[in-house]
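Computation of the quantities below employed the complete heavy-atom set of this structure, encompassing side-chain atoms and omitting hydrogens, waters and symmetry-equivalent molecules. All figures in this text were calculated on a predicted structure; none of them were measured in a lab. Residue numbers begin at 1 in each chain, while the letters A, B, ... track the order of the sequences.
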Number of protein chains: 2
Amino acid sequence: MERDDATGLCTTDASRQYTKEVLRRVGDTWSLATIARLTDGPHRFTELMKDLPGISHRMLTQTLRSLQRDGLVSRTAYAEVPPRVEYALTPLGHSMLEPLTELTKWAEDTLDQVADHRRTFDT
Amino acid sequence: MERDDATGLCTTDASRQYTKEVLRRVGDTWSLATIARLTDGPHRFTELMKDLPGISHRMLTQTLRSLQRDGLVSRTAYAEVPPRVEYALTPLGHSMLEPLTELTKWAEDTLDQVADHRRTFDT
DNA sequence: CAGTATCCGTCAGGATACTG
DNA sequence: CAGTATCCTGACGGATACTG
């Protein structure tokens, strides 16, 4: 596997597949936010609705299905009345948190720089 | 700033802005691939076209403008005939490579797991 | 409560043609 | 060579109504 010596970022065709793969898994509007919300433990559907301001009923369902399909989130239904369903991160889901956190920190640290540059660029 | 103790991933409203911010900057189809291609130094427009299989003329322009606008990529035009323009990562662009590489490695390492899980889930 | 189904608007992004 | 402008399609995602 070739990697750039300075940074470790692959520049091969194969490596670009991985970046695309990441986007395919969590590149949509709600996946990352949903994962972040599940960081501290299992949550119910309604809790997630409440804690993800702006998400629609439909999109939460769809996002959870997608994450579940990829093995990042588990779904547990309890046979009760009223029905209760809990979503939680799987070990695989947890394994994403560390690299994801790095990227989030980077965004946080560079937010102002980017905003400044954008203003300058527009003028 | 509240962070989850176990993982360091923010779960506050503010932190979700950062994840959204990342997606806004590089969440489209071609930004990450373009950045990866610029890792090893400056490249010309045509080189990038050739090295990003499937990208259209229009989308490369649009992607480069967006990255330029955010200060991740610099554009240098040489007053020659025929015209020559070179794109390169800025220091800010370089600063993204490390966290990005972590995420790429994660995708690489978990690709098979996800593929397996997806097959199982479909049945 | 936790979904599924349907309709519909918006927009990313491809194809193509035209300029400096 | 390195763009810009225009048109068009398909996927993302919101609103709403209906089930177990």
Side-chain angles (χ1 to χ4, degrees), chain A residues 16-17 19-38 42-70 73-88 121-122, chain B residues 16-17 19-38 42-70 72-88 118 121-122:
Chain A
R16 277 191 284 279
Q17 291 310 310
T19 66
K20 284 197 181 181
E21 178 64 18
V22 173
L23 290 177
R24 236 175 37 71
R25 292 188 216 171
V26 298
D28 57 18
T29 308
W30 296 107
S31 288
L32 283 184
T34 305
I35 288 171
R37 193 63 203 85
L38 289 174
H43 285 287
R44 305 183 57 177
F45 190 90
T46 319
E47 290 174 337
L48 293 173
M49 273 291 281
K50 181 169 51 62
D51 292 337
L52 298 173
I55 197 172
S56 66
H57 196 148
R58 174 178 170 278
M59 284 319 295
L60 181 55
T61 303
Q62 196 168 302
T63 302
L64 288 169
R65 286 290 166 282
S66 167
L67 294 174
Q68 195 186 341
R69 187 185 144 94
D70 286 354
V73 160
S74 66
R75 177 185 188 272
T76 310
Y78 298 90
E80 304 174 353
V81 177
R84 183 164 60 97
V85 179
E86 282 193 344
Y87 294 92
F121 191 80
D122 286 340
Chain B
R16 277 190 284 278
Q17 291 311 310
T19 65
K20 285 195 182 182
E21 177 64 19
V22 173
L23 289 178
R24 238 178 32 73
R25 293 189 215 169
V26 297
D28 57 17
T29 308
W30 295 107
S31 287
L32 284 185
T34 305
I35 289 171
R37 194 62 202 85
L38 289 173
H43 284 287
R44 306 181 57 175
F45 190 90
T46 320
E47 289 173 338
L48 292 173
M49 274 290 283
K50 179 169 51 64
D51 293 336
L52 298 173
I55 198 172
S56 65
H57 195 150
R58 175 178 171 277
M59 286 317 296
L60 180 55
T61 302
Q62 196 167 303
T63 302
L64 288 169
R65 284 291 165 283
S66 167
L67 295 174
Q68 194 186 343
R69 187 184 143 96
D70 286 354
L72 300 175
V73 160
S74 65
R75 177 185 187 274
T76 310
Y78 298 90
E80 304 173 354
V81 177
R84 181 163 62 97
V85 180
E86 282 194 344
Y87 294 91
R118 211 176 273 154
F121 191 80
D122 285 340

Using distance alone, with no hydrogens and no angle criterion, decide if B/Arg65 and B/Gln68 have a side-chain donor and acceptor under 3.5 Å apart.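 The criterion, which ignores hydrogens and geometry beyond distance, is satisfied for B/Gln68 and B/Arg65.
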Rounded to the Å, how far apart are [X] [atom1] and [N] [atom2]?
| X | N | atom1 | atom2 | result |
| --- | --- | --- | --- | --- |
| A/His57 | C/dA5 | NE2 | P | 13 Å |
| B/Tyr78 | C/dG20 | OH | P | 24 Å |
| B/Glu86 | D/dC1 | CD | P | 14 Å |
| A/Leu60 | C/dA2 | CG | P | 10 Å |
| B/Gln62 | C/dA12 | CD | P | 8 Å |
| A/Arg84 | C/dC1 | CZ | C1' | 12 Å |
| A/Phe45 | D/dG20 | CZ | P | 18 Å |
| A/Arg24 | D/dA11 | CZ | C1' | 14 Å |

Does C/dC1 have OP1 or OP2 under 4.0 Å away from a side-chain N or O of A/Tyr87?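 For A/Tyr87, the contact criterion (side-chain N or O under 4.0 Å from OP1 or OP2 of C/dC1) is not met.
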Is A/Arg65 close enough to C/dG3 that one of its side-chain N or O atoms is under 4.0 Å from OP1 or OP2 there?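 True: A/Arg65 side-chain N/O within range (under 4.0 Å) of C/dG3 OP1/OP2.
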So that I can tick it off, tell me whether A/Arg24 and A/Glu21 are bridged by a salt bridge, with the cut-off set at under 4.0 angstrom between side-chain N and carboxylate O. yes
I'd like to know if A/Arg37 and A/Asp51 make a salt bridge, using a cut-off of under 4.0 Å between side-chain N and carboxylate O.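 A salt bridge is present here (some side-chain N lies under 4.0 Å from a carboxylate O).
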Less than 6.0 angstrom from the centroid, inside 45 degrees of the normal: does B/Arg84 satisfy that with respect to the ring of B/Tyr78?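 Because its charged atom sits under 6.0 Å from the ring centre and within 45° of the axis, B/Arg84 does stack over B/Tyr78.
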Among [options], which is the nearest nucleotide to the side chain of [X]?
| X | options | answer |
| --- | --- | --- |
| A/Thr46 | D/dG3, C/dG13, C/dA2 | C/dA2 |
| A/Met59 | C/dG13, D/dG14, D/dA2 | D/dG14 |
| A/Arg75 | D/dG3, D/dA2, C/dG3 | C/dG3 |
| A/Trp30 | D/dG14, D/dC1, C/dA2 | D/dG14 |

C/dT19 - base-pair partner by Watson-Crick or wobble geometry, distances under 3.5 Å: D/dA2
Verify side chain to side chain contact (heavy atoms under 4.5 Å, CB included) between B/Leu64 and B/Phe45, making sure each step is shown before the conclusion. CA-CA 9 Å; B/Leu64 288 169; B/Phe45 190 90; 4.0 Å; yes
Of A/Arg58 and A/Val85, whose nearest nucleotide on DNA chain C comes first from the 5' end? A/Val85
Both A/Pro83 and A/Asp28 contact DNA chain D. Which one's nearest nucleotide lies toward the 5' end?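 Here A/Asp28 is the residue nearer the 5' end.
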